[in-house]
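Worksheet for the structure shown next.
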Amino acid sequence: MMRSAAWSKGWSVARAAMAIVTITAIVAQLSKSVGTAAGLGRDVTTTIVNFFSFFTILANASSAVVLLWAVIWFWTRGRQALSAAPPAAAPSAVSGRTGPAEPLGLAVALASVSTYMIITGIVYNSLLRNIELPQGSEPIWWSNEVLHLIGPLFLLADVFFGPLRRALPWRSLWAIVAFPILWVAYTMLRGPLVTNPVNGEPFWYPYPFLNPNSAGGWPSVLLYVIGIAVAIVAVGSLVVWWGRRIGTSGSLVAGTSATVLSEA
């Protein structure tokens, strides 16, 4: 079913809708944060940079871009590949299946943003739901739910039900974990260099568990970072494993040879 033309078209429309809703939610919250900062005489530039320093915002923005990429690829190439797929081919060295599949770059991008969004949902709803975050204004309730609940649930569903999935090698995990590592380094280096535009504190961290000036200090920060890192690797491994279980090696369109993805 997940490789049928009807299912693929329907899921592609759902991806487009989710991307549009996500972009709308980000723009709405950004507009409110900037408007609040301007109205109260706060530093608007710092407010904007802070807004885009939240992992949630970066994960959601990335997921919207990747989902739109997947939609464009499907309607320009994937649909034709699906209809032109040969009835049989040599089995994949990874999943044992062959057939049309998303390009390698798109497959890695989907695995990455799916991991980030699932982690966003887990961390926010388990640790942060009842905590006011320093985003510059009160959260817009529907935007907050889209970014922290609906979006993560959709990307989780996309892992299991998205069409034309490519089986990835295990080494793809390195690509998945690269961005969170860079983000943590950026956050911890930038934090003490920024004055909080809301309360004037000589530091700014997007999440309380990353603030070494809190009661737990650096030991607490390190424990949270290690714990979330383990969660990212675990979720990323699940995403790659499931893709290897149901995905295909991929084949090119219109008579070109099959592309076989070698195992890690």
Side-chain angles (χ1 to χ4, degrees), residues 22 25-63 112-113 115-141 143-149 151-152 174 176-236:
T22 298
I26 292 172
V27 171
Q29 186 61 62
L30 175 62
S31 297
K32 183 172 183 180
S33 296
V34 171
T36 299
L40 296 177
R42 298 172 183 166
D43 188 322
V44 172
T45 300
T46 301
T47 298
I48 294 173
V49 176
N50 286 354
F51 183 84
F52 285 103
S53 295
F54 281 94
F55 188 86
T56 293
I57 299 301
L58 295 173
N60 275 274
S62 299
S63 72
S112 297
V113 297
T115 299
Y116 308 154
M117 289 296 287
I118 294 167
I119 288 296
T120 293
I122 293 172
V123 172
Y124 179 82
N125 289 287
S126 62
L127 298 177
L128 301 170
R129 176 161 283 278
N130 297 316
I131 297 175
E132 183 176 347
L133 300 177
Q135 57 192 7
S137 71
E138 290 290 326
I140 300 173
W141 73 268
S143 172
N144 196 56
E145 295 306 309
V146 167
L147 300 180
H148 295 103
L149 183 62
W174 289 109
I176 293 173
V177 303
F179 170 71
I181 292 172
L182 292 174
W183 177 80
V184 168
Y186 160 80
T187 299
M188 303 316 295
L189 289 172
R190 180 178 181 267
L193 304 177
V194 178
T195 299
N196 191 322
V198 175
N199 56 26
E201 290 178 335
F203 52 83
W204 184 90
Y205 297 90
Y207 304 108
F209 55 76
L210 292 179
N211 184 0
N213 302 285
S214 61
W218 279 105
S220 176
V221 171
L222 291 174
L223 284 176
Y224 273 108
V225 168
I226 292 171
I228 294 174
V230 170
I232 290 173
V233 172
V235 172

Completion exercise
Rounded to the nearest 0.5 angstrom, the CZ-CG distance for F54 and L58 is 10.5 Å

Exercise for the section: Report, as yes or no, whether the 6.0 Å neighbourhood of atom CH2 on W174 holds more than 12 heavy atoms from other residues, nucleotides or ligands. Expected result: no

Practice task
State, with a plain yes or no, whether a side-chain heavy atom of W218 is found less than 4.5 Å away from one of L223.
Solution key: no

Exercise for the section: Drop me the distance from I48's CD1 to F52's CZ, to the nearest 0.5 angstrom. Expected result: 8.0 Å

Handout entry: Close side-chain approach of M188 and V221, heavy atoms under 4.5 Å
Key = yes

Problem - Distance-minimising heavy-atom pair for S53 and P206 - result: O-CG, 4.1 Å

Problem - side chain to side chain donor-acceptor pair (under 3.5 Å) partners of N211, counting only residues at least two apart - result: N213

Practice task
Check side chain to side chain donor-acceptor pair (under 3.5 Å) between T36 and all other residues, then give those that pass, not counting sequence neighbours.
Solution key: none

Problem - Y224: ring-ring contact (aromatic ring centres under 6.0 Å, His included) partners, not counting sequence neighbours - result: F209

Fill in the blank from the handout: Rounding to 0.5 Å, atoms CD1 (I26) and OG (S31) come to a distance of 11.5 Å

Practice task
Answer with yes or no whether the side chains of S214 and Y205 bring together a donor and an acceptor at under 3.5 Å.
Solution key: no

Practice task
With rounding to the nearest 0.5 Å, note down the distance linking CD1 in I140 to OG in S33.
Solution key: 7.5 Å

Run the side-chain donor-acceptor check on residues 115-123: report pairs under 3.5 Å with partners two or more places apart or on a different chain.
residue: T115; atom: OG1; partner: A111; partner atom: O; Å: 2.8
residue: Y116; atom: OH; partner: I176; partner atom: O; Å: 2.6
residue: T120; atom: OG1; partner: Y116; partner atom: O; Å: 2.8

Handout entry: Set of residues satisfying side chain to side chain donor-acceptor pair (under 3.5 Å) with respect to S143, sequence neighbours excluded
Key = none

Fill in the blank from the handout: All heavy atoms of A25 vs all of L147, minimum pair found to be CB-CD2, 3.9 Å

Handout entry: Evaluation steps, side chain to side chain contact (heavy atoms under 4.5 Å, CB included), between T56 and Y124
Key = CA-CA 9 Å; T56 293; Y124 179 82; 5.6 Å; no

Completion exercise
On a heavy-atom basis, the closest approach of I232 and P180 is CD1-CB, 3.7 Å

Practice task
Would you confirm whether W204, through its side chain, and R190, through its main-chain N or O, come within 3.5 Å as a donor-acceptor pair?
Solution key: no

Handout entry: Partners meeting side chain to side chain donor-acceptor pair (under 3.5 Å) with E138 (sequence neighbours left out)
Key = none

Handout entry: Test of ring centre spacing under 6.0 Å for F55 and F179
Key = yes

Problem - Check: P202 main-chain N/O paired with N196 side-chain donor or acceptor under 3.5 Å - result: no

Problem - Side-chain (D43) to main-chain (P197) donor-acceptor, under 3.5 angstrom - result: no

